[in-house]
Amino acid sequence: MPGSPSRRSWSRRCSRPSWARRRRRRRWTRRRRRSARPASNRAPDPVVALAPTVPRRAGGARRWSPDKAPWPYLALPLLLIAALLGLPVLRIFWQSVHHVVLTAPWEGNDFVGPENFLALVQEPAFLRTLQLTVIWTACSVGAKLLIGLGGALLLQRPFPGRKVYLALLMLPWVTPAVIAAISWRWVLDGQSGWINAVLLVTGAIREPISFLGQETTAFIATVVVDAWLGIPFMVVTLMAGLQRIPDDYIEAARIDGARPMQIFRRITLPLLRPVLMTCVLLSTVWTFNSFQVIWPLTKGGPAGATATLPIQIYETAFGSFDFGTSSAMAVVVFAILMSVSLLYWRVLKGGEE
């Protein structure tokens with residue numbers, strides 16, 4: 001009959017396009033083949049029911065995935081880095097070859113080329129400050145390296161209270177450098193410092209010592225404070241490097257009759273060399289640029305005994321407002337640290353080859 005349900009469903013199926021009919025036919029054929037498959041080849045019903053369904057990804061989504069096209073995802077971080085770091089660095093390089101003095105704006109910002117750098121080389125105070133910075137950095141990094149390596153070798157072995165020592169070791173690392181420097185300034189004070197109090201009570205000295213008021217003691221005090229802040233990094237990093245050394249090498253050397261010093265020189269130190277050099281490089285860069293330790297302690301005094309290059313750059317830029325000369329000093333520091341980094345890379349690459 002024309003109005004019967006079977007006739008309407010048949011006409012609806014016939015009105016479908018050919019591609020829909022072919023798709024239904026393919027589905028029906030797959031079901032028939034799946035049902036005709038032996039039971040041994042069919043997966044059990046729970047596995048089929050619990051099997052996750054992975055949606056098919058479109059071609060456009062696959063084309064813009066992070067693996068295929070990472071640059072769209074890195075564009076925003078790279079723009080932020082360029083805006084926050086790249087532009088200030090370019091500004092410093094531009095000022096280093098221009099005459100920029102904020103207290104004399106009528107002189108203009110003329111291009112002077114290498115005159116700022118030549119003036120630094122001909123200035124004895126700058127050369128003296130550069131020498132002092134190198135000595136101060138070498139003393140601080142050397143103290144960090146020796147104490148850090150010794151602490152890593154001791155803390156690598158299990159002993160009672162080891163976790164307590166590790167927790168106490170992290171206190172200097174988590175303390176802000178400015179707060180630590182101010183605390184040490186109070187400790188080293190010549191009138192109310194507790195170091196002087198202890199020395200006076202024990203009879204080691206007869207009158208208080210102004211540790212930050214004398215050139216030699218002020219230099220040593222700044223080195224001690226900077227080393228105190230950097231030792232935890234050395235210890236933790238070198239401990240991680242020591243744990244990567246296979247125990248089989250050390251046990252084989254002991255069986256062969258090697259002494260502890262020979263094991264350290266022939267096995268531990270060569271295998272620890274990449275980690276050791278990385279720690280020395282990072283510590284050198286951080287110590288050479290250290291400002292937050294010396295300025296709260298001594299502000300570069302007394303009589304310039306602790307005035308390193310970062311202190312002189314700050315005083316030239318914000319004391320004399322000579323941004324051209326201070327930018328030239330910053331470029332010199334950048335060149336020195338870049339040379340040290342390239343030298344480290346070549347030495348490390350030669351060691352690996």
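Side-chain atoms of M239 and L166, non-hydrogen and from C-beta on, do get closer than 4.5 Å to each other. Taking the side chain as every heavy atom from C-beta outward, Q214 and P302 never approach each other to under 4.5 Å. Side-chain contact between N116 and H99: absent, with no pair of heavy atoms (C-beta onward) separated by less than 4.5 Å. Between M234 and L149 there is no side-chain heavy-atom pair separated by less than 4.5 Å. Between V293 and V178, the closest side-chain pair of non-hydrogen atoms is not below 4.5 Å. Side-chain contact between V97 and F117 is present, with heavy atoms from C-beta onward closer than 4.5 Å. Proximity of F291 to I313: side-chain heavy atoms (C-beta onward) are nowhere separated by under 4.5 Å. A 4.5 Å side-chain heavy-atom check between L281 and W345 finds every atom pair outside the cut-off.
Considering every non-hydrogen atom in both Q312 and A125, the closest pair reads OE1-O, 4.4 Å. P172 approaches P232 most closely through the heavy-atom pair CB-CG, 3.9 Å. Summarising the geometry of N289 relative to V333, their closest heavy-atom pair is OD1-CG1, 3.5 Å, with the distance given to 0.1 Å. Closest non-hydrogen pair, L120 versus V332, comes out as CD1-CG2, 4.4 Å. Between C279 and L238, the shortest heavy-atom distance links the atoms SG-CD2, 4.2 Å. Shortest non-hydrogen contact noted between D226 and S140 is OD2-OG, 2.5 Å.
Ring orientation note: the planes of Y314 and W295 are nearly perpendicular, at an angle over 60° on the 30°/60° scale. Ring geometry, W228 versus W184: the interplanar angle exceeds 60°, so the pair is classed perpendicular (tilted spans 30 to 60°). Ring planes of Y165 and F159: tilted class, angle from 30 to 60°.
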*Check the pair T268, R273 against side-chain contact (heavy atoms from CB on, under 4.5 Å), reporting the backbone distance first and the verdict last.*
CA-CA 9 Å; T268 305; R273 183 169 173 263; over 6 Å; no
*Please step through side-chain contact (heavy atoms from CB on, under 4.5 Å) for the pair F219 and I135, ending with a clear verdict.*
CA-CA 10 Å; F219 182 86; I135 296 173; 4.1 Å; yes
*Kindly indicate, with the supporting measurements, whether the criterion side-chain contact (heavy atoms from CB on, under 4.5 Å) is fulfilled by V89 and F93.*
CA-CA 6 Å; V89 169; F93 275 94; 3.6 Å; yes
*After noting the C-alpha distance and the side-chain angles of W94 and N109, does the key distance pass the side-chain contact (heavy atoms from CB on, under 4.5 Å) rule?*
CA-CA 10 Å; W94 182 86; N109 299 330; 4.2 Å; yes
*Would Y344 and T278 count as a side chain to side chain donor-acceptor pair (under 3.5 Å) if you check the C-alpha gap in whole Å, the side-chain angles of each, and the deciding distance to 0.1 Å?*
CA-CA 8 Å; Y344 155 80; T278 303; 2.8 Å; yes
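For the 3.5 Å distance criterion, the side chains of D322 and T316 fail to qualify, holding no donor opposite an acceptor. Side-chain contact of K299 with T306: a donor-acceptor pair under 3.5 Å is absent, judged by distance alone.
Linking Ile, Leu, Val, Met, Phe, Trp and Tyr whenever their side-chain heavy atoms come within less than 4.5 Å puts L269 and L145 in one cluster. Hydrophobic clustering (ILVMFWY, side-chain heavy atoms < 4.5 Å, transitive): I147 and V280 are in distinct clusters. Using a 4.5 Å cut-off between side-chain heavy atoms of Ile, Leu, Val, Met, Phe, Trp and Tyr, with links allowed through other members, M338 and L343 fall into the same hydrophobic cluster. A continuous path of hydrophobic side-chain contacts links M329 to I336 [ILVMFWY only; heavy atoms under 4.5 Å]. Residues M277 and V340 share a hydrophobic cluster, clusters being chains of Ile/Leu/Val/Met/Phe/Trp/Tyr side chains in contact below 4.5 Å.
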Could you list the donor-acceptor pairs under 3.5 angstrom formed by side chains in residues 240-260, with sequence neighbours left out?
none

Side-chain donor-acceptor pairs of residues 188-206 under 3.5 Å, sequence neighbours excluded:
unit_1 : atom_1 : unit_2 : atom_2 : d
D189   : OD2    : Q191   : N      : 2.9
D189   : OD2    : S192   : N      : 2.8
D189   : OD2    : S192   : OG     : 3.2
N196   : OD1    : I209   : N      : 3.0
N196   : ND2    : D189   : O      : 3.0
N196   : ND2    : I209   : O      : 2.9
T202   : OG1    : V198   : O      : 2.8
T202   : OG1    : L199   : O      : 3.2

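Atom OG1 of residue T129 and atom CD of residue E123 lie 8.0 Å apart, to the nearest 0.5 angstrom. Rounding to the nearest 0.5 Å gives a distance of 12.5 Å between CG of L127 and CG of L132. Of the inter-residue distances, the one linking I220 atom CD1 with L212 atom CG reads 12.0 Å to the nearest 0.5 angstrom. With rounding to the nearest 0.5 Å, the separation of CD1 in I294 from CD in Q292 is 9.5 Å. For the atom pair Q131 CD and L309 CG, the distance stands at 11.5 Å (nearest 0.5 Å). In this structure, F323 CZ and H98 NE2 are separated by 15.5 Å, a value rounded to the nearest 0.5 Å.
Between the T217 side chain and the F211 main chain, a donor and an acceptor come within less than 3.5 Å of each other.
A ring-centre distance under 6.0 Å is not found for W136 and F288.
Remark: R162 CZ is packed, more than 12 non-hydrogen atoms of other residues, nucleotides or ligands lying under 6.0 Å away.
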